[in-house]
Amino acid sequence: MELLLGYRPVPIPFRSPLVYSSKLKRSVGLRAKLSYENDPLLQAAMNAASLRYQETHRPEPLFVDPYAGCLVHPNIQTDLKKKRSHYCLATKFIDDKLLRTVNHIDGLKQVVLLTDGMDTRPYRLNWPSSTIIFDISPEQVFKKAAENLRAVGAKIPRGCSLLHIPQESSNIQQTLRTKGFSGSRPSIWAIQGLPLITLASFEEILFAISGLAMNGSFFLGELPAWLAETEVGIKSTTENWVENEFTSNGFRVDVINYNDIATSLRKEIEKKDYKNMLFVAEHLQFSDDQMEAWRRAFRMVEEEGDEEGFEEL
């Protein structure tokens with residue numbers, strides 16, 4: 001349960017800084033391609049990319065995103081005097097947890113990212129070989145981002161693969177399975193930026209992950225704080241709401257304090273009300289695939305017992 005305990009920052013093995021330098025220069029001229037759209041989902045994704053872009057250009061960045069430049073508005077203004085945003089601290093935290101976890105998984109490594117469509121983690125993190133990354137996000141945003149990422153030469157690490165699942169899919173569970181996801185192997189799930197319209201939409205996602213994720217798998221990331229207000233308008237504490245939602249779906253969960261992360265990184269965080277909450281959860285139940293395998297094994301034992309009994313007669 002190391003991932004559920006205190007946060008300990010680790011150096012991220014990012015990909016070659018020499019490659020980053022050239023990509024940063026090449027990405028500048030491509031920023032305008034996305035700016036003409038009036039789609040609120042696209043704008044929200046671009047706003048997040050702009051925070052990563054500004055963090056990348058700090059003297060001592062928490063992380064480097066060499067591809068954020070091709071996803072932001074062409075007239076973006078950088079203000080490096082501002083204190084760190086909660087979003088960038090969360091991004092660093094999630095990066096660390098993802099890489100630390102996948103590097104402890106033997107064989108095929110399954111990573112599921114629930115994103116705004118402009119998550120560059122598949123390209124900017126140094127994933128170990130045999131990592132398969134599933135990106136669940138709004139289809140149109142993902143397509144526009146993918147076009148610009150291809151234009152600047154963004155590639156995922158050798159030996160890894162990236163598969164997109166549109167958030168609009170009628171059955172995300174089935175689509176994941178069709179694309180090769182296995183509930184009989186470990187996985188790690190991270191959510192940051194995925195548009196959530198209602199509490200019910202989040203509960204559907206949590207229920208789906210509970211059925212897909214093998215026991216011992218992890219789910220972490222950021223959720224909008226308004227989810228802690230129930231459908232009937234009764235507010236509970238964030239921690240109580242998170243615990244109730246996750247426990248009922250077979251998870252053990254911790255809510256992470258942004259200030260604690262800032263302290264561990266020795267960074268100052270901006271003093272404003274941030275409307276997200278950060279969490280790490282471990283799945284304690286068997287996945288549907290594991291349960292089906294158990295049922296098959298149990299039936300085989302029963303059939304063998306019946307055959308032995310018949311032979312004795």
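Note that the numbering runs from 1 along the sequence shown for the chain. When reading the values below, keep in mind they use all heavy atoms of this one structure, side chains included, and skip hydrogens, waters and symmetry mates. The shown structure was predicted, so the numbers you read here are calculated from the model rather than taken from an experiment.
No hydrogens or angles considered: a donor-acceptor pair under 3.5 Å links the side chains of Tyr258 and Glu222.
Applying the ring-ring contact (aromatic ring centres under 6.0 Å, His included) test to Phe142 and every residue at least two apart in sequence or in another chain returns His164. Here Lys275 pairs with Asp273 under the side-chain hydrogen bond (donor to acceptor under 3.5 Å, both in side chains) rule; sequence neighbours left out. Listed by chain and number, the residues in a salt bridge (charged side-chain N to carboxylate O under 4.0 Å, His left out) with Lys179 amount to none (sequence neighbours excluded). Residues satisfying the side-chain hydrogen bond (donor to acceptor under 3.5 Å, both in side chains) test with Glu292, not counting sequence neighbours, are Arg295. In terms of the salt bridge (charged side-chain N to carboxylate O under 4.0 Å, His left out) criterion, Asp116 has no residue partners (sequence neighbours excluded). Not counting sequence neighbours, Asp135 has no partner by the salt bridge (charged side-chain N to carboxylate O under 4.0 Å, His left out) test. With sequence neighbours left out, Arg185 forms a side-chain hydrogen bond (donor to acceptor under 3.5 Å, both in side chains) with no residue at all. For the side-chain hydrogen bond (donor to acceptor under 3.5 Å, both in side chains) test, no residue two or more places apart in sequence or in another chain qualifies with Asn171. For Asn215, the side-chain contact (heavy atoms from CB on, under 4.5 Å) partners two or more places apart in sequence, or in a different chain, are Phe286, Gln290. With sequence neighbours left out, the salt bridge (charged side-chain N to carboxylate O under 4.0 Å, His left out) criterion links Arg52 to Asp65. Residues satisfying the side-chain contact (heavy atoms from CB on, under 4.5 Å) criterion with Glu168, sequence neighbours excluded, are Pro138, Glu139, Pro166. Remark: Phe279 engages Phe219, Phe246 in a ring-ring contact (aromatic ring centres under 6.0 Å, His included) (not counting sequence neighbours).
Aromatic ring pairs are classed by plane angle as parallel below 30°, tilted from 30° to 60° and perpendicular above 60°; the pair Trp241 and Phe202 is tilted.
With Thr120 contributing its side chain and Tyr123 its backbone, the two residues share no donor-acceptor pair below 3.5 Å. Thr247 contributes no side-chain N or O that, together with a main-chain N or O of Asn244, makes up a donor-acceptor pair within less than 3.5 Å. Side-chain N or O atoms of Asn249 include one that pairs as donor or acceptor with a backbone N or O of Glu245 at under 3.5 Å. For Ser50 (side chain) and Asn47 (main-chain N/O), a donor-acceptor pair under 3.5 Å exists by modelled atom type. For Asn148 (side chain) and Cys70 (main-chain N/O), a donor-acceptor pair under 3.5 Å exists by modelled atom type. In this structure, Thr178 contributes its side chain and Gln174 its backbone to a donor-acceptor pair below 3.5 Å. No donor-acceptor pair under 3.5 Å is formed between the side chain of His283 and the backbone N or O of Phe251. Between the Lys97 side chain and the Phe93 main chain, no donor and acceptor come within less than 3.5 Å of each other. Side chain of Gln110 to main chain of Ile133: no donor-acceptor pair is present (N/O by atom type, distance under 3.5 Å, no hydrogens or angles). A donor-acceptor distance shorter than 3.5 angstrom exists from the side chain of Ser287 to the backbone of Gly183, with no hydrogens or angles considered.
When all heavy atoms are compared, the tightest approach of Leu113 to Leu98 is CD2-CD1, 4.1 Å. Summarising the geometry of Gln192 relative to Tyr87, their closest heavy-atom pair is NE2-CE1, 3.4 Å, with the distance given to 0.1 Å. Scanning all heavy atoms of the two residues, the minimum distance from Leu125 to Pro157 falls at O-CG, 3.6 Å. When all heavy atoms are compared, the tightest approach of Tyr53 to Gly69 is CD1-CA, 3.6 Å. Nearest heavy atom pair, residue Ile136 against residue Leu194, reads O-CD1, 3.5 Å. Contact between Ala145 and Gly117 at its shortest, heavy atoms only, is CB-O, 3.5 Å.
Salt-bridge formation is detected for the pair Asp95/Arg124: a Lys NZ or Arg NE/NH1/NH2 atom is positioned less than 4.0 Å from an Asp or Glu carboxylate oxygen. Look at Glu55 and Lys92 and you find no salt bridge, because none of the NZ, NE, NH1 or NH2 atoms lies under 4.0 Å from a carboxylate O.
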Item to check | Worked verdict on Asn240 versus Thr237 for side-chain hydrogen bond (donor to acceptor under 3.5 Å, both in side chains) | outcome: CA-CA 5 Å; Asn240 288 343; Thr237 66; 2.9 Å; yes
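Only one option out of Ile269, Leu89, Asp96 pairs with Ile261 in a side chain to side chain contact (heavy atoms under 4.5 Å, CB included); it is Leu89.
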